[in-house]
There are 2 protein chains.
Amino acid sequence: MTEQTQAARRPTRQRAAIAQALTGTVEFRSAQEIHSSMAGDGTRVGLATVYRNLQAMAADGEVDVIRTADGEAVYRSCATDDHHHHVVCRSCGLAVEVTGDAVERWAEAVAAEHGFTQVRHTVEIDGLCAECAARR
Amino acid sequence: MTEQTQAARRPTRQRAAIAQALTGTVEFRSAQEIHSSMAGDGTRVGLATVYRNLQAMAADGEVDVIRTADGEAVYRSCATDDHHHHVVCRSCGLAVEVTGDAVERWAEAVAAEHGFTQVRHTVEIDGLCAECAARR
DNA sequence: GCGCTTCATGACAACGATTCTCATTCGGGA
DNA sequence: TCCCGAATGAGAATCGTTGTCATGAAGCGC
Ligand SMILES: [Zn+2]
Ligand SMILES: [Zn+2]
Ligand SMILES: [Zn+2]
Ligand SMILES: [Zn+2]
């Protein structure tokens with residue numbers, strides 16, 4: 001009822017190119033970065049289209065999106081479709097995926113404890129990766 | 001040593017008014033909302049000043065700031081200075097503060113596990129508060 | 001209280017990420 | 001192939017936030 005699942009998006013050259021550009025990267029990148037990266041590869045796609053597709057893909061759970069400290073949305077195609085979180089390097093942007101029952105349960109429990117339902121959560125961890133720490 | 005932080009900000013009427021406007025609210029509000037709320041109370045303060053002060057206060061840890069889904073920065077004066085997180089109602093904005101050793105330890109552990117150091121984290125939980133859920 | 005130096009403020013311009021508009025193009029089912 | 005609606009692209013428009021700079025207010029030594 002409240003489903004209405006897959007709106008069945010239409011496959012286009014642009015969409016494929018964006019998905020393509022997203023693969024093989026471990027850093028989160030902004031729509032604009034992805035756009036110019038594609039332009040650099042000779043792939044010509046409108047900026048608005050990049051934004052639209054990234055949003056759609058994020059909505060469909062195909063890619064993860066997080067907000068940088070200054071509010072910019074950055075995207076990344078993740079290895080798994082399952083719910084997970086990230087540990088991001090503040091210096092180089094390296095991002096590894098992590099999961100943890102502990103947090104999931106804690107979030108659920110603490111929310112319920114305060115009478116909240118339909119709970120969701122966002123968890124992001126950031127620090128310096130081993131490599132960047134060594135380079136200091 | 002590496003301390004000496006406190007830049008000793010100068011106390012002004014505006015700064016006080018903003019701090020004032022921030023007290024007694026359980027919702028997170030944007031700089032603009034706070035600004036017009038003050039204007040409504042007859043308190044005249046420049047918008048840029050509101051932005052500047054909120055940022056400064058956030059930097060000093062006097063207030064908490066989180067990003068809404070659409071990237072807008074929203075602020076709130078918290079009851080405690082200690083590290084904590086929030087459970088926010090998606091419908092009415094009500095926010096309650098929560099703490100949990102479990103998450104803190106998990107974040108630290110999972111980051112260390114991947115070689116990360118100088119770890120920080122952000123955790124936000126959102127759902128429907130009891131009241132809003134009932135009103136459905 | 002009197003200047004002086006420095007920081008804060010306010011009005012408004014400037015910015016930049018994202019979204020909107022709308023004419024044009026394209027995908028896919030009949 | 002033909003048609004219709006979804007997708008695209010170029011550029012304008014939004015809008016939160018930041019920068020500029022002349023003016024005002026704090027703090028300080030006198
Ligand atoms: Zn991921
Ligand atoms: Zn989770
Ligand atoms: Zn709080
Ligand atoms: Zn925490």
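For clarity, every value in this text was computed on a predicted model and none was experimentally measured. Every chain is numbered from 1, with letters handed out A, B, ... down the list of sequences.
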Worksheet item: Could you state the NE2-P distance from A:His35 to C:dG16, rounded to the nearest angstrom?
Response: 17 Å

Discussion item. Measuring from atom CD of A:Glu62 to atom CD1 of A:Ile18, what distance do you get when rounded to the nearest 0.5 angstrom?
Written reply: 11.0 Å

Discussion item. Return the CZ to CD1 distance between A:Arg67 and B:Ile66, rounded to the nearest 0.5 Å.
Written reply: 13.0 Å

Item to complete: Check every strand shown and say whether B:Asp70 touches a base, only sugar-phosphate, or nothing at a heavy-atom separation below 4.0 Å.
Response: nothing

Fill in: Rounded distance (Å) that lies between atom C1' of C:dT21 and atom CG of A:Leu47
15 Å

Item to complete: Identify whether any heavy atom of A:Glu33 sits under 4.0 Å from a base atom; if not, whether one sits that close to sugar-phosphate; answer base, sugar-phosphate or nothing.
Response: nothing

Discussion item. Measuring from the side chain of B:Arg9 (C-beta onward, heavy atoms only), which nucleotide among C:dA8, D:dT8, C:dT18 has the closest atom?
Written reply: C:dA8

Discussion item. Can you see whether B:His84 engages B:Asp64 through a side-chain donor-acceptor pair at a distance of less than 3.5 angstrom?
Written reply: yes

Distances for protein N or O near nucleotides 13-16 of chain D N or O, under 3.5 Å:
residue, atom, partner, partner atom, Å
D:dG16, OP2, B:Gln32, NE2, 3.0
D:dG16, O5', B:Gln32, NE2, 3.2

Item to complete: Output yes when at least one side-chain N/O atom of A:Gln14 is less than 4.0 Å from OP1 or OP2 of D:dG9, else no.
Response: yes

Worksheet item: Can you get from B:Val65 to B:Leu54 by hopping between Ile, Leu, Val, Met, Phe, Trp and Tyr side chains that sit under 4.5 Å apart?
Response: yes

Item to complete: Specify the separation, in whole Å, of atom CG of B:Asn53 and atom P of C:dC7.
Response: 16 Å

Worksheet item: Which pairs pass salt bridge (Lys or Arg N to Asp or Glu O under 4.0 Å) with one or both residues in residues 32-52 of chain B, sequence neighbours excluded?
Response: none

Item to complete: Would you please name every residue forming a ring pair (Phe, Tyr, Trp, His ring centres under 6.0 Å) with A:Tyr51, sequence neighbours left out?
Response: none

Item to complete: For each nucleotide in nucleotides 23-28 of chain D, reading 5' to 3', give B when a protein heavy atom comes within less than 4.0 Å of its base, S when such contact involves only the sugar-phosphate, and - otherwise.
Response: --BBS-

Discussion item. Would you say that A:Val87 contacts A:Asp126 through its side chain, given a criterion of any heavy-atom pair below 4.5 Å between the two side chains?
Written reply: no

Response to the item:
A:Arg52 atom CZ is separated from D:dA10 atom P, nearest whole Å, by 11 Å

Worksheet entry | Length of the CZ-P vector between A:Arg29 and C:dA17, whole Å | 16 Å

Worksheet entry | Sequence neighbours excluded - side-chain hydrogen bond (donor to acceptor under 3.5 Å, both in side chains) pairs with any residue from residues 15-29 of chain A | A:Arg15-A:Asn53

Worksheet item: Does anything in residues 72-83 of chain A pair up under side-chain hydrogen bond (donor to acceptor under 3.5 Å, both in side chains), and if so which pairs, sequence neighbours excluded?
Response: A:Arg76-A:Glu97, A:Thr80-A:Asp82, A:His83-A:His85, A:His83-A:Glu104, A:His83-A:His121

Worksheet item: What's the CD1-C1' distance between A:Ile18 and D:dT8, to the nearest Å?
Response: 10 Å

